[in-house]
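Naming convention: chains lettered A, B, ... in sequence-line order (proteins, then strands); numbering from 1 in each chain. A quick note: this is a predicted structure, and the numbers were derived from the prediction, not measured.
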Amino acid sequence: QQQVKQSPQSLIVQKGGISIINCAYENTAFDYFPWYQQFPGKGPALLIAIRPDVSEKKEGRFTISFNKSAKQFSLHIMDSQPGDSATYFCAASRAAAGNKLTFGGGTRVLVKP
Amino acid sequence: DSGVTQTPKHLITATGQRVTLRCSPRSGDLSVYWYQQSLDQGLQFLIQYYNGEERAKGNILERFSAQQFPDLHSELNLSSLELGDSALYFCASSVGVGQPQHFGDGTRLSIL
């Protein structure tokens, strides 16, 4: 059972454009929603995270929007750069379950110069 | 650099064999998590340890086991290996439960 669904699977955006990745979850007990960035040959690196008591969080060019009632959250990458080309994963966890991360399927982002 | 060290980076072995993957968490982190990344299953949680004790278990096969030692490093043991066990195995660590997890660069396991 896939508890976190991520879309799209891949995305091509022009340099300077906005990349938008969406995730939907099923388990309303989730209380922590991080986004990870992964480059080939590397492990996932934490980008930004949000908890359900906040509807939006911004760190630099990265913004998470969170809709608790719709059980959806999204990552917006503003002013996308070629260096942002990577695979992005959303995830969800709950502290009562040891904070084990349930990951979405990933989105491969390509930023064209 | 996340500060999480995994060894070896690559491991090639045959079916039926047993291997041990090692993880050194970031300095000060008490919690260690193991994840498997494969093309068909994506990133999946295997098991978590906190200060030497098992805290949570995911879809970990009975052929797999792990432990966390007093110095907080952790080992993942995979036995009776099958072709389908070929994957990237990641270790992550955090200061405690509910804190951000930081991943190592993984061990790529190839079963021939």
Side-chain angles (χ1 to χ4, degrees), chain A residues 1-10 21 23-27 29-54 57 59 62 64 75 86-108, chain B residues 1-10 21 23-26 29-51 53-60 66 68 87-108:
Chain A
Q1 181 188 7
Q2 186 181 5
Q3 294 192 50
V4 179
K5 293 184 179 180
Q6 184 172 345
S7 63
Q9 286 187 310
S10 62
I21 306 170
C23 283
Y25 62 96
E26 298 171 8
N27 188 346
F30 286 142
D31 54 19
Y32 178 67
F33 301 88
W35 284 89
Y36 283 84
Q37 178 190 56
Q38 186 178 25
F39 293 105
K42 294 291 186 180
L46 181 63
L47 259 184
I48 186 172
I50 199 167
R51 297 194 185 273
D53 53 343
V54 176
K57 183 174 181 181
E59 288 184 3
F62 300 93
I64 298 179
L75 176 69
T87 300
Y88 293 81
F89 293 93
C90 63
S93 69
R94 58 187 184 103
N99 234 50
K100 58 183 182 181
L101 293 169
T102 299
F103 283 91
T107 297
R108 185 172 291 185
Chain B
D1 183 8
S2 68
V4 178
T5 303
Q6 289 188 248
T7 57
K9 290 190 186 305
H10 303 279
L21 314 183
C23 169
S24 294
R26 295 188 319 163
D29 284 1
L30 298 178
S31 198
V32 169
Y33 303 78
W34 286 96
Y35 294 86
Q36 180 193 58
Q37 185 174 37
S38 62
L39 284 175
D40 55 343
Q41 297 291 327
L43 265 164
Q44 292 215 321
F45 167 75
L46 294 177
I47 196 164
Q48 178 208 1
Y49 281 82
Y50 178 80
N51 204 20
E53 292 188 7
E54 182 184 306
R55 276 296 180 94
K57 237 175 179 178
N59 294 325
I60 187 168
Q68 186 179 27
L88 273 165
Y89 291 85
F90 288 105
C91 167
S93 72
S94 66
V95 171
V97 175
Q99 299 302 312
Q101 294 178 35
H102 300 271
F103 283 71
D105 285 338
T107 293
R108 181 175 294 278

Exercise. Does a side-chain heavy-atom distance below 4.5 Å link F30(A) with T102(A)?
Worked result: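 They are in side-chain contact.
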
Exercise. So which part of Y35(B) gets closer than 4.5 Å to some heavy atom of chain A, the side chain, the backbone, both or neither?
Worked result: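 Y35(B) touches chain A through side-chain heavy atoms alone.
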
Exercise. What part of Q101(B) lies closer than 4.5 angstrom to a heavy atom of chain A: side chain, backbone, both or neither?
Worked result: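 Both parts, heavy atoms under 4.5 Å.
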
Exercise. Is it the case that more than 12 heavy atoms not belonging to E59(A) sit under 6.0 Å from its CD atom?
Worked result: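 Enclosed: over 12 neighbouring heavy atoms sit under 6.0 Å from CD of E59(A).
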
For this session: Taking all heavy atoms of I47(B) and all of A66(B), pick out the closest pair and write down the distance.
Result: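 Closest pair (atom of I47(B), atom of A66(B), distance): CG2-CB, 3.9 Å.
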
For this session: Examine whether an atom of P44(A) lies under 4.5 Å from a heavy atom of chain B, and if so say whether it belongs to the side chain, the backbone or both; otherwise answer neither.
Result: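 It is both, since atoms from each part get that close.
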
Exercise. Heavy-atom distance under 4.5 Å to chain B: side chain of L46(A), backbone, both or neither?
Worked result: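 For L46(A), the side chain is the part near chain B, not the backbone.
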
For this session: Please confirm whether the backbone N or O of R108(A) pairs with a side-chain atom of S10(A), one donor and one acceptor, at under 3.5 Å?
Result: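 No; zero donor-acceptor contacts below 3.5 Å.
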
